[in-house]
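Owing to the predicted nature of the structure, the values given are computational and were not obtained by experimental measurement. Just so we're on the same page: letters track the sequence lines, and every chain starts at 1.
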Amino acid sequence: MATDGLHENETLASLKMEAESLKGKLEEERAKLHDVELHQVAERVEALGQFVMKTRRTLKGHGNKVLCMDWCKDKRRIVSSSQDGKVIVWDSFTTNKEHAVTMPCTWVMACAYAPSGCAIACGGLDNKCSVYPLTFDKNENMAAKKKSVAMHTNYLSACSFTNSDMQILTASGDGTCALWDVESGQLLQSFHGHGADVLCLDLAPSETGNTFVSGGCDKKAMVWDMRSGQCVQAFETHESDINSVRYYPSGDAFASGSDDATCRLYDLRADREVAIYSKESIIFGASSVDFSLSGRLLFAGYNDYTINVWDVLKGARVSILFGHENRVSTLRVSPDGTAFCSGSWDHTLRVWA
Amino acid sequence: MSSKVAVGSDIGQARRTVEQLRMEAGIDRVKAADLLQFCTEQAKSDPFLVGIPAATNPFKEKKPCAIL
């Protein structure tokens, strides 16, 4: 293995030097098209008015930190998972709990709603991603129909169904992402490249094609081709773990939230960072980010218990929302953009509109 | 594990890194996507920007009505 295909002048040192010079070339290439910053281009855009956003619903029921949540396509139901090992499906209009399942592990760090609304996926410290069909039959035990789909060698940090109920994409503390067939549990593709735990992922809007973005403890955000398993673009401008990544609604860009207390916007076609959302007064990490329908607003939940609302184009903060009594750990805008939901270590979820 | 194998995997890793960087440096780059245009076009259909009256937003309370 050591001598396999080793060229005469190819040593570890020469490869490392080449890597460094390629990194320099990459920066040069990116800078070539760097005309102006996004906020400069957006100078003429009308400023946003005042926003009145309040907590309209509080979902209480988890016995410990809420770690993840997802909306159902019906714009009404929400699935959430917690450190207490429970996964709950709520009707956000009435705040009623419709389903609840207890996982065999604590720290259920990931959960997702199936596109059909008929199943949910979740996992965490069990290193797996399991799918539970949702049934309204009171006699049926939800846990009985559980299907184990994904197996990683470390904790599951994120999961998402693709366009159908048939495939699931997962991210793990083992440093990889993977695509699985739900029915057979077969591994369809694996994605290697992160140098540390992968903490988050987001699928490109279906019109944009078969890619997804992931963020990790190696401070990198990586864009992957789902068919080939190849990393097509990588961005390393954050100064700490990337906790959350989310595509811009057009699919041409994505935002990230990091422990370095900043959120950033990356343009995929120009292959560079185009905006940083930060303030000197914000010193706690951003745990979760999502865009409003038009992409003009970026909602970000932070470890200092607040939610900051950013004007994506101008780079300014337009609102700060208080209410949670501990870290905000998860945040998603509803499918029709009329509200967003945040989950927190204070055991509750809040719906804001 | 002999040191030869360890060096081998380091070289393999370094080689993969160089190949990946070569690929990334070679991709086509275009001017920044018109995020501005997208935002402006979609602004009218963004409930947070346009505002939804309490009557139609299922999350907002409707004005209380008095039963006479």
Side-chain angles (χ1 to χ4, degrees), chain A residues 1-4 6 10-12 15-16 18-19 22-23 25-26 29-30 32-33 35 38 41-42 45 48 51 53 56-57 75-76 92-93 193 230-234 248-250 252-253 265 267-272 274 292-297 312-313 333 336-340 351-353, chain B:
Chain A
M1 175 80 185
T3 52
D4 172 32
L6 195 61
E10 196 186 60
T11 62
L12 191 60
L15 280 170
K16 286 201 167 157
E18 194 180 348
L22 277 169
K23 279 187 190 166
K25 181 173 181 226
L26 200 54
E29 292 292 317
R30 283 173 169 166
K32 271 184 196 164
L33 290 163
D35 28 2
L38 182 60
V41 176
V45 177
L48 294 168
F51 285 101
M53 275 174 231
R56 305 289 176 175
R57 299 285 188 281
K75 311 159 233 174
R76 167 173 188 152
S92 64
F93 289 2
Q230 175 93 341
C231 166
V232 294
Q233 285 172 275
Y248 187 76
S250 71
D252 291 325
L265 187 68
D267 185 303
L268 290 166
R269 300 204 301 186
D271 188 43
R272 63 177 174 87
V274 293
S292 69
L293 270 189
S294 67
R296 181 67 192 269
L297 299 175
V312 169
L313 300 180
V333 171
D336 61 356
T338 52
F340 71 89
V351 180
W352 308 74
Chain B
M1 233 196 216
S2 77
S3 61
K4 264 202 186 150
V5 177
V7 169
S9 62
D10 276 345
I11 294 249
Q13 174 83 335
R15 202 180 278 145
R16 274 192 297 276
T17 308
V18 168
E19 274 164 22
Q20 178 67 22
L21 285 167
R22 267 196 205 131
M23 199 248 1
E24 284 177 34
I27 67 171
D28 279 324
R29 275 171 201 84
V30 294
K31 276 190 82 141
D34 214 341
L35 305 175
L36 227 95
Q37 189 182 353
F38 183 86
C39 262
T40 333
E41 280 169 10
Q42 300 292 319
K44 304 173 216 68
S45 33
D46 186 338
F48 274 109
L49 297 181
V50 164
I52 295 188
T56 43
N57 187 329
F59 292 109
K60 290 188 177 166
E61 293 85 41
K62 301 176 188 13
K63 291 246 146 76
C65 45
I67 298 174
L68 303 165

Hey, does A/L313 have a side-chain heavy atom less than 4.5 Å from the side chain of B/C39?
-> yes

Select, from A/A353, A/A19, A/G337, A/G295, the one with the greatest count of heavy-atom pairs under 4.5 Å involving chain B.
-> A/G337

List the atom of A/A253, the atom of B/L35, and the distance in Å for their closest heavy-atom pair.
-> CB-CD2, 4.0 Å

Approximate separation, where rounding is to 0.5 Å, of A/K25 NZ and B/E24 CD | 12.0 Å

Distance, nearest 0.5 Å, that separates OG of A/S292 from CG of B/L49 = 5.0 Å

Do B/S45 and A/L293 come close enough that some side-chain heavy atom pair is under 4.5 Å?
-> no

Proximal component of B/L21, with respect to chain A [non-hydrogen, under 4.5 Å] | both

Smallest heavy-atom separation, A/W352 atom then B/F48 atom, equals O-CZ, 4.2 Å

Qualifying residues under salt bridge (charged side-chain N to carboxylate O under 4.0 Å, His left out), relative to A/R57, sequence neighbours excluded = none

Rounded to the nearest 0.5 Å, how far does CG of A/L15 lie from CD of B/Q13?
-> 11.0 Å

Is it the side chain or the backbone of A/V232 that comes within 4.5 Å of chain B heavy atoms, both, or neither?
-> backbone

Not counting sequence neighbours, which residues clear salt bridge (charged side-chain N to carboxylate O under 4.0 Å, His left out) with B/R22? List them please.
-> A/E18

From B/D46 atom CG to A/R296 atom CZ, the distance as rounded to the nearest 0.5 Å | 10.0 Å

